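All remarks here apply to the structure that follows.
Given the structure is predicted, the values throughout are model-derived calculations rather than measurements. We name chains A, B, ... by the order of the sequence lines, and we start the count at 1 in each one.
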Protein chains: 2
Amino acid sequence: MSVNVTIKEIAKHAGVSVGSVSHVINGSAGVGPDIKARVERAIADLGYTPNPVARGLRQQRTRMIAMIIPDITNPYFPSVVRGAEDLAFEHGLQIVLCNTDNDPVKEAAYLRTMVSYSLSGLLIIPSVGDEQNHPLHDGRPSGIPTLCLDRKPMHWGGDVIVSDNAEGGRLVARHFLQSRHTRIAIIRGPDQFSNAFDRQQGFLSELTSSGLHTPDDYIEQGAFDIDGGRRAAQRLLSLSTPPTAIFASNDLMALDVLTALEARGLSCPNDVSVVGFDNLDVAAITRPGLTTVDQSGYTLGRAGLSRLLARMDAPDLAPETLQLPVRLVHRGSVCPPQP
Amino acid sequence: MSVNVTIKEIAKHAGVSVGSVSHVINGSAGVGPDIKARVERAIADLGYTPNPVARGLRQQRTRMIAMIIPDITNPYFPSVVRGAEDLAFEHGLQIVLCNTDNDPVKEAAYLRTMVSYSLSGLLIIPSVGDEQNHPLHDGRPSGIPTLCLDRKPMHWGGDVIVSDNAEGGRLVARHFLQSRHTRIAIIRGPDQFSNAFDRQQGFLSELTSSGLHTPDDYIEQGAFDIDGGRRAAQRLLSLSTPPTAIFASNDLMALDVLTALEARGLSCPNDVSVVGFDNLDVAAITRPGLTTVDQSGYTLGRAGLSRLLARMDAPDLAPETLQLPVRLVHRGSVCPPQP
DNA sequence: TTGAAAGCGCTAACAC
DNA sequence: GTGTTAGCGCTTTCAA
């Protein structure tokens, strides 16, 4: 298994210097065809693989990318990771996975560790990152190419790739409006997450510009995780004039709403229409199927790494924000309000 | 952000030699209390973090663990990864994530790369690994502590941690039997996966020992992924005497069976009872809820890393196979056959 | 107990 | 075009 064979042995075996071997490996300098052939032969014969740790030490950068995400167990994130990993594999880069649980302390710890590993890049779905002293507070941490995925800290000035959350919110609002709903509520996610905020903004502003005012008690707060939507849904349904349509701003919460509805003997969509956000696989499995905003985590992850790759080659690229398109997937959880 | 401060600067700042600094960092030799204090002071003052790459080069081993899994996008695996990652975090180890798509070629490529990174350990959910020349074919690859999770290659002689798949199969068989079913079918997974094989074995042998013969056309083959169960279910339901109970040997396939049933206007559990395996989150969401065998991916991952940690300390530990307990979770997808 | 120095495997600057 | 060599930051003998 090719362990322990070093560049020095290749050099000896090929009868050349280590410098030349290094050059043919990296294609760095003009190497004569004869030497090139001999080296390649020796590499093949001995089954040599350059030691990436030594290389990393020398070049002050390892061919690894850290993905710092909230929780791989949350069903939206695996596809993001997979999107990045596929492209990483094509480029011979490794993915180091870090779960922060949205804890800025854990996130900061990981960030520091990753910097000390001098890796090639950082793909991060930030927890919040607006606390002082947080490595993300101003600019990229320690000169490592860094990109915020899915959402961004308030003060972040670097690359960002997100879904077009505001547009997603608008899409939902328009769909409710077109279905002739007027009692329309939202369960929004935590405001400090920019994606949650944007969804809410897009949604509410679209309602407003259609002349529909949304009362405060139609704006509920959920935690973006499972069970986050349950209590919010219960409060909404206990209102004296409960909404006929609910936008749960992610699918996990929408699932909760469906459950809460069922628990109350209410029917979706007849009594209450529901729309989610994410288009997780489960959204197709619920009865009724969940109408939801589709965003591709896979594309997000892949685009993120792609941009990072570009920045690794050209560190001085101007920071860029990319918004990925979203679309509404119609399933069975919306219908006009019943008289 | 503590970049670029090296052990040498600590040494100078503390007025001691680099060797002494190293010793206090690693607690390796008896260091005088005076020097110890001065070094710790300097470390705190300058915000020093040892460079893990340099350390890795010197010691021929980096504090990283590779997790080589089929696909993080398959809903069972994230919890396995998370279980390992949590323990890794506690021990200051990093997780490198590799998706093989069950492709032995990709798996072998990753294995080789990981060896060249000289990492501390390998947690692998093997694709198959019985092909000749595959690094897993005989024993651990290149002296790196390696453990097979969830399933094992035929010839693997090292550590293994799996769920008690055979027992899971038996549980399901017994449940069907107790519900007075006699026309009982199974959709098994790919035979080369030991977990799939064991589930099938446990299931069928339990039926047999209860005097129930399972005809060949009641044993269907699925691919263990989504859609893998659909065609199998269709064939089963098209039989002249279709089964009244189906064991889909993972939840993804069980979901397919539910869908196929619905498409035919058949009711679960009244027309056909269904049991899955895994107890994914979705199993609680389907209508009816899916009765399934619970196995904890989180525990599997955590136990895997725990064992690896032990082996890192004591490489000569005798190989061990650990079977984690499973249990049947009763939901609504099973009832006695209707007359 | 402490310091000096070799060397992990590699790249890159320099000399020829 | 090719070889020699310093040195990335650290651990770990070995001497003192």
Side-chain angles (χ1 to χ4, degrees), chain A residues 2-40 42-43 46-64 92 113 115-120 142-143, chain B residues 2-40 42-43 46-64 92 113 115-120 142-143:
Chain A
S2 74
V3 82
N4 277 343
V5 21
T6 74
I7 200 173
K8 213 182 280 182
E9 300 171 51
I10 298 299
K12 192 196 309 183
H13 197 256
V16 301
S17 73
V18 290
S20 295
V21 176
S22 178
H23 283 142
V24 350
I25 291 169
N26 299 295
S28 38
V31 195
D34 173 44
I35 287 205
K36 181 153 185 273
R38 297 222 309 275
V39 168
E40 280 165 350
I43 288 177
L46 304 189
Y48 167 72
T49 318
N51 181 324
V53 181
R55 185 180 269 179
L57 176 59
R58 179 61 233 239
Q59 306 188 132
Q60 306 282 57
R61 97 214 268 278
T62 48
R63 293 187 62 74
M64 300 188 299
T113 304
V115 168
S116 77
Y117 269 97
S118 57
L119 23 69
S120 294
S142 275
Chain B
S2 76
V3 82
N4 276 343
V5 22
T6 74
I7 200 173
K8 213 182 281 181
E9 300 172 49
I10 298 299
K12 191 194 310 180
H13 196 255
V16 302
S17 73
V18 290
S20 296
V21 177
S22 178
H23 283 140
V24 349
I25 291 170
N26 299 294
S28 38
V31 195
D34 173 44
I35 286 204
K36 181 151 186 275
R38 297 222 308 276
V39 168
E40 280 165 349
I43 288 177
L46 304 190
Y48 167 72
T49 318
N51 181 324
V53 181
R55 187 180 266 180
L57 176 61
R58 178 61 232 238
Q59 307 188 132
Q60 306 282 57
R61 99 214 267 278
T62 46
R63 292 187 63 73
M64 300 187 299
T113 304
V115 169
S116 76
Y117 269 97
S118 57
L119 23 70
S120 294
S142 274

What's the CZ-P distance between B/R38 and C/dG3, to the nearest Å?
8 Å
Does a side-chain heavy-atom distance below 4.5 Å link B/R61 with B/Y117?
no
Rounded distance in Å - NZ (B/K36) to P (C/dT2)
12 Å
Measure NZ/A/K8 against P/D/dG3 and give the value in whole Å, please.
16 Å
Give the rounded distance in Å between these two atoms: CG of A/D34 and P of D/dG3.
10 Å
If you look at every strand shown and take non-hydrogen atoms under 4.0 Å, does B/V53 touch a base, only sugar-phosphate, or nothing?
nothing
Within this structure, what is the CG-CD distance for the pair B/N26 and B/Q59, rounded to the nearest 0.5 Å?
7.0 Å
Does the side chain of B/H23 come within less than 4.5 Å of B/V18's, by heavy atoms?
no
Keeping the roles fixed (side chain from B/S120, backbone from B/T62), state whether a donor-acceptor pair exists under 3.5 Å.
yes
Under 4.0 Å protein heavy-atom contact, by nucleotide of nucleotides 11-16 of chain C - B base, S sugar-phosphate only
BB----
Using atom CG of B/L57 as one end and atom P of D/dC8 as the other, report the distance to the nearest whole Å.
13 Å
Can you check whether A/Q60 has a side-chain N or O nearer than 4.0 Å to OP1 or OP2 of D/dG9?
yes
Does the side chain of B/N51 reach to within under 4.5 Å of the side chain of B/I7, using non-hydrogen atoms?
no
Judged by atom type as modelled, is there a donor-acceptor pair below 3.5 Å linking the side chain of A/H13 to the main-chain atoms of A/E9?
no
Are B/I25 and B/R55 packed together at the side-chain level, in the sense that at least one heavy-atom pair is separated by less than 4.5 angstrom?
yes
Using five base pairs at each end to define the local axes, how bent is the helix from C/dT1-D/dA16 to C/dC16-D/dG1, to the nearest 10°?
40°
Take the protein atom CZ of B/R63 and the nucleotide atom C1' of D/dG9, then report the distance between them rounded to whole Å.
17 Å
Close side-chain approach of B/V53 and A/S118, heavy atoms under 4.5 Å
yes
Can you list the steps and then say if B/T6 with B/I10 is a side-chain contact (heavy atoms from CB on, under 4.5 Å)?
CA-CA 7 Å; B/T6 74; B/I10 298 299; over 6 Å; no
B/E9 atom CD is separated from D/dG9 atom P, nearest whole Å, by 8 Å
Below 4.0 angstrom from OP1 or OP2 of D/dG9, is there any side-chain N or O of B/T6?
no
Just the rounded figure in Å: distance from C1' of C/dG9 to CG of A/L46.
15 Å
Report the residue (B/V31 or A/N51) whose heavy-atom-nearest nucleotide on DNA chain C is the more 5′ of the two.
B/V31
